[in-house]
Amino acid sequence: MTIINTDLVLLDVNAGDDKQAVIRSLVQRLADSGRSTDADGLFAAAMAREEQSATGLPGGIAIPHCRSPHVDSASIGFARLKPPVDFGAPDGPADLAFLIAAPESGGAEHMKLLSSLARALVRKDFVESLRQATTPAEVVALVDGVLNPDKATPAKEPVPERTRTLLAVTACPTGIAHTYMAADSLAAAAKDAGVALHVETQGSSGSTPLDASTIAAADAVIFATDVGVKDKHRFAGKPVIASGVKRAINEPGKMIAEALAAADNPNSARVDGGAGPSAPSATQAGGVGWGTRTRQILLTGVSYMIPFVAAGGLLIALGFLFGGYEIANSAEGEQPSLAYGFGSIGHVIASTNSLTNLPAGGLLQYLGAVLFTLGGLAFMFLVPALAGYISFAIADRPGIAPGFTAGAVAVFVGGGFIGGIVGGLIAGFTALWISRIAAPRWLRGLMPVVIIPLFASLAVGLLMFLLLGRPLAAITSGLTNWLGGMSGSSVIILGVILGLMMCFDLGGPVNKAAYAFATAGLNVADPASLRIMAAVMAAGMVPPLAMALASTIRPNVFTEPERENGRAAWLLGASFISEGAIPFAAADPLRVIPSMMFGGAITGALIMAFDVTLKAPHGGIFVFFAIGNLLWFLVALAAGTVAGALAVIAAKQFVKPAADVEDAPALAAA
């Protein structure tokens, strides 16, 4: 017995006003055709399955189904409904309904029918053919063709054109949110355009490099990055379209179209395999200006610095939890306030005591001292990592060694993170310049591993020591002293500025600039740096918490997906993950972003006014033990959260959204 025949097909019928009536009609068809021994029993089984979850699918389709002892062989009934009937699909009622009935023992066959139909129903041509069929026989032939493809006689069609293939690389400074949002946006746009797209997400969860054969077969490549592209030389010679991740999220269709046009244009910009991720030739070829490229260079350094900040800072905070804050005090006979905790009581305990020779404070103090020292050692790499990967973003791998050297020199001469930025830029461009010297063939193999690192390190080292070291140290020292001497209204204004920066682009360049400023200057012996760190973290927690609160107290002004995001944003905000507010900002930037900045500015100002301090650079409320004046920290955080929530609710109720918001700063980030 065939699965479907013309007796089981109903075309353009009024089967009732609800899904129960439609299912009853199809069941009766099966019973009248001798395929069911008990119509009532089969109907009950189908409705029992329907009550578990709706069987309506997007696109006006419904597939009620069940297994039943009242069916001897798998069967399908079909009805084309006029009028359509609601089967619970999110986009409205269905005009095409399939009833799949399988024997009680036919679980595998039931699932095979479902999967075969489901795959066919995502094909627009198949669904349209069902709607255009004029006889039951045509419907039977269409359905039998997808259920028994080996038996189907394929129609003679012209040989299709070769599918166009594109590549994309997406990357942002933190590699958490925007990297994957850009990838998904481009993938969806490519699917709509009928283009094959292979994406390499260079994010924090790791990256699976594109296969060499895939790269070779591609027509063009899209670089949607706010940091340098890793191993860009793999794409050498490919037509390229480049931008930050903002454009890939907002205008993926246009980027796909531009990439296809570039593939057809023999004079289009090409990836320069000899330059680093952000080299000048790549700037010209990629279609982005020096402003964007400079931002990419700096954000690459910040991106690689952040893991050292998080790991080192949290280790230091755990050290305080176990060993007490006194382990940061200078040991007897040591210079006070030495960098990274060296010369402190904790450093002395970690280097002289052991598990068999515990200090006077016992095991906890020893563990605290070890953790504190580990954190200090990790913090030693902050400025070298910043400089090293700024240099990497300019000159690729040959720039890493001179960049780290420049960062180490910046620390040694007291230049701080400003010195790291300057040194990284000098090292990168020096390494890039040396790499472009036309060397003899016998010397080329030594260039990236010996010649470039040696001479670039020598050049930047001499410049830093002989010319730039003292001025950079004076600038850093002056900035530190100025911040430390702030009081009254001045320090509150600084808190407002930091709060505005943290909430402006939710993890983007402005947010990262404020965060890098706070973490690079973090010093447990400097109260001013601890206040800045507290203001930055508290303000960064405001956006997700404010949106969570707003979507809770006034859910009717938010969509259902936004309400779902709001529930998740509570934990994201409490953990200091500003990106938790991105879904709200992406959908409504002109009303959400100013509201979040308003709340962040209030929190930053109150943190400074209440003299709150923070000895850990990350962790949110989960590093409460590292927060000085914890009660006032919570008060400031609550005030900014409530203010931001009320502001966004008011904006959504009383401010008419603008028609064009594509250039708003919501997704200027990474």
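This structure is a prediction, so every number in the text was calculated from the model and none was measured.
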Next on the checklist: Determine whether Leu166 and Val221 satisfy the following criterion, side-chain contact (heavy atoms from CB on, under 4.5 Å), listing intermediate values before the conclusion.
Outcome noted: CA-CA 6 Å; Leu166 299 178; Val221 60; over 6 Å; no
Checklist outcome for this item: To the nearest 0.5 Å, atom CG of Leu96 lies from atom CG of Leu130 at 6.0 Å
Item to check | Phe598 atom CZ, neighbour heavy-atom count above 12 within 6.0 Å | outcome: no
Item to check | Closest contact, heavy atoms only, Asp18 versus Val85 | outcome: C-CG1, 3.3 Å
Checklist entry - When rounded to the nearest 0.5 angstrom, what is the spacing between CZ in Arg234 and CG in Asp211? => result 10.5 Å
Next on the checklist: Let's go through Glu258 and Glu251 carefully: what are the C-alpha distance in whole Å and the side-chain angles of both, what is the deciding distance for side-chain contact (heavy atoms from CB on, under 4.5 Å) to 0.1 Å, and is it a yes or a no?
Outcome noted: CA-CA 11 Å; Glu258 290 172 7; Glu251 300 179 345; 5.9 Å; no
Next on the checklist: Between Ser595 (side chain only) and Arg591 (backbone N and O only), is there a donor and an acceptor less than 3.5 Å apart?
Outcome noted: yes
Checklist entry - Below 4.5 Å, heavy atoms only, C-beta onward: do Pro93 and Phe87 meet side chain to side chain? => result no
Item to check | Sidechain-backbone polar pair: Arg554 side chain, Ile649 backbone, donor-acceptor under 3.5 Å | outcome: no
List the atom pairs, with distances to 0.1 Å, where a side-chain N or O of residues 183-193 and a protein N or O form a donor-acceptor pair under 3.5 Å, not counting sequence neighbours.
unit_1: Ser185; atom_1: OG; unit_2: Met181; atom_2: O; d: 3.0

Next on the checklist: Under the criterion side-chain contact (heavy atoms from CB on, under 4.5 Å), I'd like the reasoning laid out for Ile222 against Ile256: C-alpha separation, chi angles, the key distance, then a yes or no.
Outcome noted: CA-CA 8 Å; Ile222 295 172; Ile256 294 292; 4.0 Å; yes
Checklist entry - When you check the gap from the basic side-chain N to the acidic O, do Lys82 and Asp95 get nearer than 4.0 Å? => result no
Checklist entry - Do His65 side-chain atoms and Ile63 backbone N/O form a donor-acceptor pair below 3.5 Å? => result yes
Checklist entry - Are Asp40 and Arg24 ion-paired here, with the side-chain N under 4.0 Å from a carboxylate O? => result yes
Item to check | Side-chain donor or acceptor of Arg80 paired with backbone N/O of Arg131 under 3.5 Å | outcome: yes
Checklist entry - Which atom names give the shortest non-hydrogen contact between Pro90 and Pro58, and what distance separates them? => result CG-CG, 4.4 Å
Checklist entry - If you measure from CZ on Phe235 to CZ on Arg270, what distance do you get to the nearest 0.5 Å? => result 15.0 Å
Checklist entry - Between Arg67 and Ala45, which heavy-atom pair has the shortest distance, and what is it? => result O-CB, 4.0 Å
Checklist entry - Would you call Lys124 and Glu128 a salt bridge, using N to O less than 4.0 angstrom? => result no
Checklist entry - From Leu26 CG over to Lys19 NZ, what is the distance, rounded to the nearest 0.5 angstrom? => result 14.0 Å
Next on the checklist: Within the structure provided, determine whether Met541 and Leu637 are in side-chain contact (heavy-atom separation under 4.5 Å).
Outcome noted: yes
Item to check | Check: Asp144 and Ile3 side chains under 4.5 Å, non-hydrogen atoms | outcome: no
Item to check | Interatomic spacing from CZ in Arg29 to CZ in Arg35 - rounded to 0.5 Å | outcome: 12.5 Å
Item to check | Ser33 side chain vs Leu30 backbone, donor-acceptor pair below 3.5 Å | outcome: no
Checklist outcome for this item: On a heavy-atom basis, the closest approach of Leu545 and Ala574 is CD2-N, 3.9 Å
Checklist outcome for this item: Closest non-hydrogen contact found for Ile23 with Glu50 is CD1-OE1, 4.1 Å
Next on the checklist: Over 60° means perpendicular and under 30° means parallel, so tell me whether Phe98 and Phe78 are parallel, tilted or perpendicular.
Outcome noted: tilted
Checklist entry - After noting the C-alpha distance and the side-chain angles of Phe223 and Lys232, does the key distance pass the side-chain contact (heavy atoms from CB on, under 4.5 Å) rule? => result CA-CA 10 Å; Phe223 291 155; Lys232 183 172 64 66; 3.8 Å; yes
Next on the checklist: Hydrogens and angles aside, do Gln202 and Thr170 bring a side-chain donor and acceptor to less than 3.5 Å of each other?
Outcome noted: no
Next on the checklist: Would you say that Pro83 contacts Asn14 through its side chain, given a criterion of any heavy-atom pair below 4.5 Å between the two side chains?
Outcome noted: yes
Next on the checklist: Quick check: do Val195 and Thr165 have side-chain heavy atoms less than 4.5 Å from each other?
Outcome noted: no
Checklist entry - Would you say the side chain of Met596 lies within less than 4.5 Å of the side chain of Val648, judging by non-hydrogen atoms? => result yes
Item to check | Where Ala548 and Ser551 come nearest, the two heavy atoms and their spacing | outcome: O-OG, 3.1 Å
Checklist entry - Can you list the residues that meet the side-chain hydrogen bond (donor to acceptor under 3.5 Å, both in side chains) rule with Asp264, with sequence neighbours excluded? => result Arg164
Checklist outcome for this item: Rounded to the nearest 0.5 angstrom, the CG-CG distance for Leu8 and Asp32 is 10.0 Å
Item to check | ring-ring contact (aromatic ring centres under 6.0 Å, His included) partners for Phe43, two or more places apart | outcome: none
Next on the checklist: Less than 4.5 Å apart, side chain to side chain, heavy atoms only: is that true for Ser75 and Ile4?
Outcome noted: no
Next on the checklist: Any non-hydrogen side-chain atom of Lys254 less than 4.5 Å from a side-chain atom of Arg247?
Outcome noted: yes
